[in-house]
Amino acid sequence: MRFESKPDTSKGIAIFTATFGVILLYFSGFIASGLASVILFILGLILMFLTIVAATAKYSVLINREAGLVIKEFSSRFINRQWKYSIADFNSVSILTGGRGAFGEGTVVYSVSLKGPRTLRITSWHSNKDKVEIDAKAVSEYLDMSLENP
């Protein structure tokens with residue numbers, strides 16, 4: 001069973017970092033002077049690098065019942081990381097609840113997670129609770145674990 005991040009999230013973060021990076025580069029070249037110009041230039045370049053990382057970022061979680069592993073991966077053009085967890089470390093499946101809203105609106109988002117001594121989020125955040133409940137039930141049945149209500 002495999003879950004992957006939505007590409008829209010990576011694009012949104014990349015747009016933010018690129019915009020801020022371009023603004024810093026503009027200020028370093030045309031407005032600031034001296035040491036401030038150098039610092040803004042370096043910060044602008046760092047943000048442009050982070051833009052490439054964000055634009056190519058992918059997050060995935062693979063649940064392999066036969067091997068008894070949950071493998072979480074983060075990959076991008078320059079950074080690749082992988083974490084492995086034993087399924088035995090978790091004892092239930094639950095739905096996490098969060099909130100977001102750039103302009104004050106109260107949007108509630110949900111995600112499927114594995115609970116134990118630590119909590120491991122396995123799906124992307126989603127505003128459709130019914131879809132997340134279906135995914136949580138599928139994971140619960142696949143791993144033969146109890147499903148907790150949020």
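Note that this is a predicted model, so its numbers are computed, not measured.
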| field | Considering all heavy atoms, the nearest F27-L40 contact | value | CB-CD1, 3.9 Å

| said: Would you say S94 and S113 are linked by a side-chain donor-acceptor pair, where the criterion is simply a distance under 3.5 Å? | reply: yes

| request: Report whether Y59 and V70 are members of the same hydrophobic cluster (ILVMFWY, side-chain heavy atoms less than 4.5 Å apart, transitive linking). | output: yes

| message | Using the rule that Ile, Leu, Val, Met, Phe, Trp and Tyr join whenever any side-chain heavy atoms are under 4.5 Å apart, tell me whether I15 and I23 fall into a single cluster. | response | no

| request: Please report the shortest heavy-atom distance between R2 and S60, naming the atom on each side. | output: NH2-OG, 3.2 Å

| task | Measure the spacing between NE2 of H126 and CD1 of I95 and express it to the nearest 0.5 Å. | result | 12.5 Å

| Can you get from L120 to M1 by hopping between Ile, Leu, Val, Met, Phe, Trp and Tyr side chains that sit under 4.5 Å apart? | yes

| message | Counting only heavy atoms from other residues, nucleotides and ligands, does the tally under 6.0 Å from CZ of F74 exceed 12? | response | yes

| query | Hey, does the side chain of R121 reach the backbone of T123 with a donor-acceptor pair shorter than 3.5 angstrom? | reply | yes

| request: Taking all non-hydrogen atoms of both residues into account, name the closest pair between S92 and M145 and its distance. | output: N-SD, 3.8 Å

| request: Kindly indicate, with the supporting measurements, whether the criterion side-chain contact (heavy atoms from CB on, under 4.5 Å) is fulfilled by M48 and L25. | output: CA-CA 10 Å; M48 297 312 287; L25 290 174; 3.9 Å; yes

| said: Treating T119 as the side-chain partner and K115 as the backbone partner, does any N or O pair qualify as donor plus acceptor under 3.5 Å? | reply: no

| said: Nearest 0.5 angstrom please: N80 CG to F78 CZ, how far? | reply: 11.0 Å

| message | Checking D135 against F3 for the side-chain contact (heavy atoms from CB on, under 4.5 Å) test, could you report, in this order, the C-alpha distance in whole Å, the side-chain angles of both residues, the deciding distance, and whether it holds? | response | CA-CA 10 Å; D135 288 344; F3 296 94; 4.2 Å; yes

| message | Quick check: is V93 connected to L62 through a chain of hydrophobic side chains (ILVMFWY, heavy atoms under 4.5 Å apart)? | response | no

| Joint cluster assignment, L45 & V22, ILVMFWY side-chain distance < 4.5 Å | yes

| Taking every non-hydrogen atom, the tightest pair across W125 and V109 | CE3-CG2, 3.7 Å

| message | Within 45 degrees of the ring normal and closer than 6.0 Å to the centroid, is that where the cationic atom of R118 sits relative to Y85? | response | no

| query | Nearest 0.5 Å, what's the CG-CG distance between L96 and L114? | reply | 10.0 Å

| field | Of I87, I71, L69, the residue whose pairing with I63 passes side chain to side chain contact (heavy atoms under 4.5 Å, CB included) | value | I87

| said: Quick one: does any side-chain atom of S140 pair with a main-chain N or O of A136 as donor and acceptor, under 3.5 Å? | reply: no

| said: Does N128, at its CG atom, have more than 12 non-hydrogen atoms belonging to other residues, nucleotides or ligands within less than 6.0 Å? | reply: yes

| message | Could you report the tightest heavy-atom contact between E73 and W83, atom names first, then the distance? | response | C-CZ3, 4.5 Å

| note | Here the gap from I79 atom CD1 to T56 atom OG1, rounded to the nearest 0.5 Å, amounts to 8.5 Å

| Does CZ belonging to R65 count more than 12 external heavy atoms closer than 6.0 Å? | yes

| task | Flag yes if more than 12 heavy atoms outside F20 fall under 6.0 Å of its CZ atom; otherwise flag no. | result | no

| said: Once rounded to the nearest 0.5 Å, what's the spacing between atom OG1 of T19 and atom CG of L47? | reply: 10.5 Å

| Separation of S37 OG from I31 CD1 (nearest 0.5 Å) | 10.5 Å

| note | D89 and P117 have their tightest heavy-atom pair at O-CD, 3.0 Å

| message | Please verify the inter-ring angle class for F30 with Y26; under 30° counts as parallel, over 60° as perpendicular, anything in between as tilted. | response | tilted

